[in-house]
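The structure under discussion appears below in the form of structure tokens.
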Amino acid sequence: MDFELSSALIKCQTDVEGALHRLGGNESLYLKCLADFLADQTMDELNSALQIPLWDEAFTAAHALKGLAGNMGFVPLFHAAAEMVVLIRTGRTSQIAECYSELIHCYNRITAAIRDNYAACVAEAKGE
């Protein structure tokens, strides 16, 4: 994997090695999963559900985001999503705004790291 992308993800406290291990060491698959993560609509679904609020839908989206983050090694995002799941599950809705703020911060850091470094990484993998 490209050094710049790997370094940017590690700066976001991403467990790149653990994620690669879960994917059998397949770097190409991990890169595809990173691209798929950028296109994923789960964060939009969570945002929409929280705006209304629709707690069942918010729970489902937060739980899905937790799974995505865990599989991809996005440790801070995983923890923020896990906290959101617990808050919704236990009905502690007054604490959700602060948690959601942290979740968005983590999500934005990770997506920026991927976006800013992905194209160069793919070009390097193709030998360009």
Side-chain angles (χ1 to χ4, degrees):
M1 177 183 304
D2 175 73
F3 177 76
E4 296 298 323
L5 176 59
S6 180
S7 295
L9 289 171
I10 290 169
K11 287 178 185 174
C12 296
Q13 298 176 317
T14 298
D15 179 13
V16 175
E17 286 186 32
L20 282 170
H21 179 74
R22 281 186 289 286
L23 296 172
N26 188 333
E27 289 183 13
S28 296
L29 179 57
Y30 188 62
L31 289 174
K32 181 184 179 326
C33 290
L34 290 174
D36 290 347
F37 182 77
L38 289 178
D40 186 80
Q41 297 299 307
T42 305
M43 191 65 170
D44 292 334
E45 292 167 7
L46 177 59
N47 184 49
S48 295
L50 289 174
Q51 294 300 317
I52 295 174
L54 296 171
W55 297 118
D56 288 342
E57 286 83 353
F59 176 84
T60 299
H63 196 272
L65 188 59
K66 181 182 95 166
L68 286 168
N71 286 330
M72 295 301 296
F74 304 146
V75 176
L77 182 60
F78 171 82
H79 288 295
E83 182 179 352
M84 178 72 68
V85 166
V86 169
L87 292 175
I88 296 169
R89 180 181 286 146
T90 59
R92 298 185 341 231
T93 57
S94 64
Q95 299 172 24
I96 287 178
E98 183 178 339
C99 178
Y100 186 61
S101 176
E102 177 62 21
L103 191 143
I104 287 177
H105 172 74
C106 295
Y107 180 84
N108 288 341
R109 283 189 70 211
I110 290 164
T111 56
I114 297 167
R115 266 192 217 102
D116 293 349
N117 296 283
Y118 188 80
C121 181
V122 171
E124 180 180 296
K126 291 180 178 178
E128 297 175 1

Worksheet item: Rounded to the nearest 0.5 Å, how far apart are CG of L65 and OG1 of T42?
Response: 6.5 Å
Worksheet item: Between CG of L5 and CD1 of I10, what distance do you get to the nearest 0.5 Å?
Response: 9.5 Å
Item to complete: Please check if the side chain of N47 supplies one atom and the backbone of M43 the other of a donor-acceptor pair under 3.5 Å.
Response: no
Fill in: Side-chain heavy-atom pair L20, N26 within 4.5 angstrom cut-off
no
Worksheet entry | M84 vs L50, side-chain contact (heavy atoms from CB on, under 4.5 Å): CA-CA, chis, key distance, verdict | CA-CA 11 Å; M84 178 72 68; L50 289 174; 4.3 Å; yes
Item to complete: Would you check if H79 and E83 make a side-chain contact, meaning some heavy-atom pair closer than 4.5 Å?
Response: no
Discussion item. Count I, L, V, M, F, W, Y as connected when their side-chain heavy atoms are under 4.5 Å apart, and connections chain through other members. Are L38 and L31 then in the same cluster?
Written reply: yes
Practice prompt. Say whether, by atom type as modelled, one donor and one acceptor occur between the side chain of R92 and the main chain of V86 under 3.5 angstrom.
Written response: no
Discussion item. Is the shortest side-chain heavy-atom distance between L9 and Y30 below 4.5 Å?
Written reply: yes
Item to complete: Would you kindly confirm whether I88 and I104 end up in one hydrophobic cluster when ILVMFWY residues are joined by side chain heavy atoms under 4.5 Å apart?
Response: yes
Worksheet item: With no hydrogens and no angle check, is any side-chain donor or acceptor of S101 less than 3.5 Å from a backbone partner on A97?
Response: no
Discussion item. Using 0.5 Å steps for rounding, measure from the CG atom of L34 to the CD1 atom of I110.
Written reply: 10.0 Å
Worksheet item: Can you hop from F78 to L87 via hydrophobic side chains spaced under 4.5 Å?
Response: no
Fill in: NE2 on H63 to OG1 on T60, rounded to 0.5 Å
9.0 Å
Discussion item. Could you see if L23 belongs to whatever hydrophobic cluster contains L77? Use Ile, Leu, Val, Met, Phe, Trp, Tyr and a side-chain cutoff under 4.5 Å.
Written reply: yes
Practice prompt. Give the cluster check for L103 versus F59: same hydrophobic cluster or not, with ILVMFWY residues linked at side-chain heavy-atom distances below 4.5 Å.
Written response: yes
Practice prompt. Locate the shortest heavy-atom distance separating A58 from A49; write the atom from each residue and the value.
Written response: N-CB, 3.4 Å
Worksheet item: Can you name the closest pair of heavy atoms from A19 and G73 and give their distance?
Response: CB-N, 4.1 Å
Worksheet item: Between A81 and A62, which heavy-atom pair has the shortest distance, and what is it?
Response: CB-O, 3.8 Å
Item to complete: Evaluate the side-chain proximity of T14 to M72: yes if any heavy-atom separation is below 4.5 Å, no if none is.
Response: no
Discussion item. Is it the case that atom CD in E98 sees more than 12 heavy atoms from other parts of the structure closer than 6.0 Å?
Written reply: no
Discussion item. I'd like to know whether the aromatic ring centres of F37 and Y107 sit less than 6.0 Å apart in this structure.
Written reply: yes
Discussion item. Just so I know, are the side chains of D40 and D36 near enough to count as touching, which here means a heavy-atom distance under 4.5 Å?
Written reply: no
Response to the item:
Looking only at heavy atoms, the pair that brings A8 and N117 closest together is CB-ND2, 3.3 Å
Practice prompt. May I ask you to decide if A39's main-chain N or O and Q41's side chain share a donor-acceptor pair within less than 3.5 Å?
Written response: yes
Discussion item. For the backbone of Q13 and the side chain of R109, can you confirm whether one donor and one acceptor N or O come within less than 3.5 Å of each other?
Written reply: no
